Amino acid sequence: MNIRFTNSRTRKKEDFRPLDPDNVRIYVCGPTVYDRAHLGNARPVLVFDVLFRLMRHVYGADHVTYVRNFTDVDDKINATALQRKEAGAPGTLEELVRERSDETIGWYHADMDALGALRPTQEPRATEYIEQMIAMIEELIASGHAYAAEGHVLFSVESYDQYGALSGRSVEDMIAGARVEVAPYKKNPMDFVLWKPSSDDLPGWESPWGRGRPGWHIECSAMSFALLGESFDIHGGGNDLTFPHHENEIAQSKCAHPEGDFARVWLHNEMLQVEGKKMSKSLGNFFTVRDLLDQGVPGEVIRFVMLSTHYRKPMDWTAEKAREAEATLRKWRGMVANVEAVDVPETVVAALADDLNTAGAISELHRLAAAGEAPALKAGAAVLGLLTDALSGWEAVSVDLSALADRLSAARAEAMQSKDFSEVDRMKEALIEAGVEVRMSKAGVDLVPGAGFDAAKLEGLE
């Protein structure tokens, strides 16, 4: 199987050749655990879940190491814990920070499990790797790539001549276009923090530079080095992390371990929109994964909609796409019920092997469904994490709507003759109000119970 990816580092589609086929290594930047995951946070989870599944399929489940971290050192987490303490919550601030992190990680796992995402091989927490971060910072200072100043340690951007290669920006452009923190202890405005002091009321750790806590960027470099080594195969994340986070990761990792390549392939997913607009609280279109699940949108439907767009293209979440996805999945689940899967169709794997083309793979699933090839459909869908037993159950609505479908079909036929569609409109309105999707075509009438189906609302139609 020839796998090809568009490498953000080289800006070219390249053949993928793992450093060690017996241990394909992947690192993906995970969440900062201060609140519920919003819908945009789910996109990289699902994109790289499919990558994980593809690699396990091609190289074997025991030959892939997937690391996705939790950032549990962050000012937003501290602020939330401080609010709880001020509200009278018992415990020290550090205990409240840990409590908030544990709570949020639990939410994250529950929400991503509901979307059918496999747990990564390793899920390191930043607070578990402080010692490794301090050691890496000491190496950077010793090699002249970092300097201590006023309790801070900063990376010297000028010391790494490849800085900006990933994002394609010059240092001058980055200074002009970025909101750079101006501080008197910086030698260069672009120098970024590796370590910063903590006051007595904030979480902190002892270090050669005083009690403090790490900067964000050093966390991923230290964790990936500890778990994957100085060179690994793939680093993934949203394209909003390209600069400064990934740019800074490369700089500090390559300077601390010049013998390694750090990540050989970089994969970046595009952002998510809602109904054609950027998701934001000010527009009223901001919602979490849990919001959708609580509204009755099945996790499998969310997954299907997300994967229907190529990861390198902007993805637009719409209510219409969710309805269409639900109808498709109901139909497919009906087809594959009590069917044994066969070998995964090569055409599905080939689509995924071509730059993780999930949209192309789903198109192939549509073709298999249209051809009535249920066993192949079930096997192919599984590589995408669809039609699995883990995500089953939501589609089971114990109601037979065939009699109502026949009545609506007869009413429509009569209306075509009389030109009076009032009865058709009345029935359609009642069905939609009850959570039934009404699909009318030349072939007939199809009634599909939705996630919010309420049989009691159909009593007036009996």
Side-chain angles (χ1 to χ4, degrees), residues 28-53 66 68-72 74 76-77 80 100-120 123 125 236-241 268-309 311 313-326 328-329 358 362 384-388 390-395 450-452:
V28 172
C29 292
T32 300
V33 288
Y34 65 91
D35 209 346
R36 287 275 189 188
H38 62 69
L39 189 60
N41 298 143
R43 192 175 194 199
V45 172
L46 295 180
V47 165
F48 297 111
D49 179 64
V50 175
L51 173 68
F52 187 31
R53 290 171 182 271
Y66 173 26
R68 187 184 66 218
N69 73 292
F70 287 117
T71 295
D72 59 347
D74 185 80
K76 290 181 179 178
I77 304 173
T80 303
R100 178 61 170 175
S101 298
D102 290 346
E103 177 182 48
T104 310
I105 288 172
W107 291 344
Y108 187 83
H109 276 147
D111 293 348
M112 298 310 131
D113 289 352
L115 303 186
L118 300 174
R119 298 280 180 95
E123 293 184 287
R125 295 168 65 134
N239 67 355
D240 58 325
L241 299 180
H268 288 99
N269 64 273
E270 260 286 358
M271 295 296 97
L272 174 137
Q273 298 176 322
V274 174
E275 303 290 349
K277 296 179 180 179
K278 182 179 179 180
M279 187 168 68
S280 71
K281 292 180 179 178
S282 62
L283 292 175
N285 65 350
F286 180 95
F287 44 87
T288 66
V289 172
R290 180 51 51 181
D291 288 336
L292 283 180
L293 294 171
D294 288 347
Q295 290 165 18
V297 181
E300 189 170 32
V301 169
I302 299 172
R303 184 182 186 94
F304 187 100
V305 174
M306 289 275 191
L307 298 182
S308 295
T309 299
Y311 78 95
K313 295 181 179 179
M315 191 260 145
D316 190 19
W317 172 273
T318 70
E320 179 61 25
K321 286 182 180 179
R323 285 191 292 270
E324 291 173 354
E326 182 169 333
T328 296
L329 288 167
T358 55
I362 287 177
L384 286 157
L386 297 168
L387 307 186
T388 63
L391 288 181
S392 66
W394 63 266
E395 78 291 353

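Positions are given from 1 along the sequence. Please read all numbers here as calculations on a predicted model, not as lab measurements.
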So [Y] and [X], do their side chains get closer than 4.5 Å, heavy atoms only?
X    : Y    : answer
R43  : E270 : yes
Y34  : T104 : no
R100 : V33  : no
W107 : R290 : no
V301 : R323 : no
E123 : N69  : no
R68  : Y66  : yes
L293 : I302 : yes

Item to check | Any donor-acceptor pair under 3.5 Å from T358 side chain to L307 backbone | outcome: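 Yes: the side chain of T358 pairs with the backbone of L307.
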Next on the checklist: Is it the case that the side chain of T309 and the backbone of V305 share a donor-acceptor pair, with hydrogens and angles ignored and the cut-off at 3.5 Å?
Outcome noted: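 The answer is no, because no donor-acceptor pair under 3.5 Å joins these two groups.
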Would you name the heavy atoms of [X] and [Y] that are closest together and state the gap between them?
X    : Y    : result
I105 : R125 : CD1-NH1, 3.4 Å
P298 : G296 : CD-O, 3.2 Å
S101 : D72  : OG-CB, 3.7 Å
A42  : L115 : CB-CD1, 3.8 Å
M271 : G238 : CE-CA, 4.0 Å

Straight-line distance of [X] [atom1] to [Y] [atom2], nearest 0.5 Å:
X    : Y    : atom1 : atom2 : result
F304 : L386 : CZ    : CG    : 7.0 Å
D74  : T80  : CG    : OG1   : 9.0 Å
H268 : C29  : NE2   : SG    : 8.0 Å
R119 : F52  : CZ    : CZ    : 12.0 Å
F287 : Q295 : CZ    : CD    : 7.5 Å

Next on the checklist: Which residues pass the side-chain hydrogen bond (donor to acceptor under 3.5 Å, both in side chains) test with N285, not counting sequence neighbours?
Outcome noted: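 With sequence neighbours excluded, N285 shows a side-chain hydrogen bond (donor to acceptor under 3.5 Å, both in side chains) to no residue whatsoever.
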Next on the checklist: Could you work out, with side-chain hydrogen bond (donor to acceptor under 3.5 Å, both in side chains) as the rule, every residue matching N269, not counting sequence neighbours?
Outcome noted: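 Counting only residues at least two positions away or on another chain, N269 forms no side-chain hydrogen bond (donor to acceptor under 3.5 Å, both in side chains).
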Checklist entry - Partners of F48 by ring-ring contact (aromatic ring centres under 6.0 Å, His included), sequence neighbours excluded? => result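 Expected list: none.
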Checklist entry - Taking only residues two or more places apart in sequence or in another chain, which ones pass ring-ring contact (aromatic ring centres under 6.0 Å, His included) with Y108? => result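 Counting only residues at least two positions away or on another chain, Y108 forms a ring-ring contact (aromatic ring centres under 6.0 Å, His included) with F70.
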Checklist entry - Do T288 and D291 have a side chain donor and acceptor closer than 3.5 Å? => result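 Short answer, yes.
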Item to check | Donor-acceptor pair between W317 and Q273 side chains, under 3.5 angstrom | outcome: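 No, no side-chain donor-acceptor contact under 3.5 Å.
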Checklist entry - Taking the six-membered ring for Trp, is the centroid-to-centroid distance between H38 and F286 below 6.0 Å? => result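 Yes - the distance between ring centres of H38 and F286 falls below the 6.0 Å cut-off.
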Next on the checklist: I'd like to check the salt bridge (charged side-chain N to carboxylate O under 4.0 Å, His left out) partners of D316; sequence neighbours left out, ordered by chain and number.
Outcome noted: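 Salt bridge (charged side-chain N to carboxylate O under 4.0 Å, His left out) list for D316, sorted by chain: empty.
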Item to check | Set of salt bridge (charged side-chain N to carboxylate O under 4.0 Å, His left out) partners for D49, sequence neighbours left out | outcome: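 D49: salt bridge (charged side-chain N to carboxylate O under 4.0 Å, His left out) contacts with R53, R303.
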Item to check | Step-by-step side-chain contact (heavy atoms from CB on, under 4.5 Å) determination, K278 to L272 | outcome: CA-CA 7 Å; K278 182 179 179 180; L272 174 137; over 6 Å; no
Item to check | Test side-chain contact (heavy atoms from CB on, under 4.5 Å) applied to L329 and W394, step by step | outcome: CA-CA 10 Å; L329 288 167; W394 63 266; 3.7 Å; yes
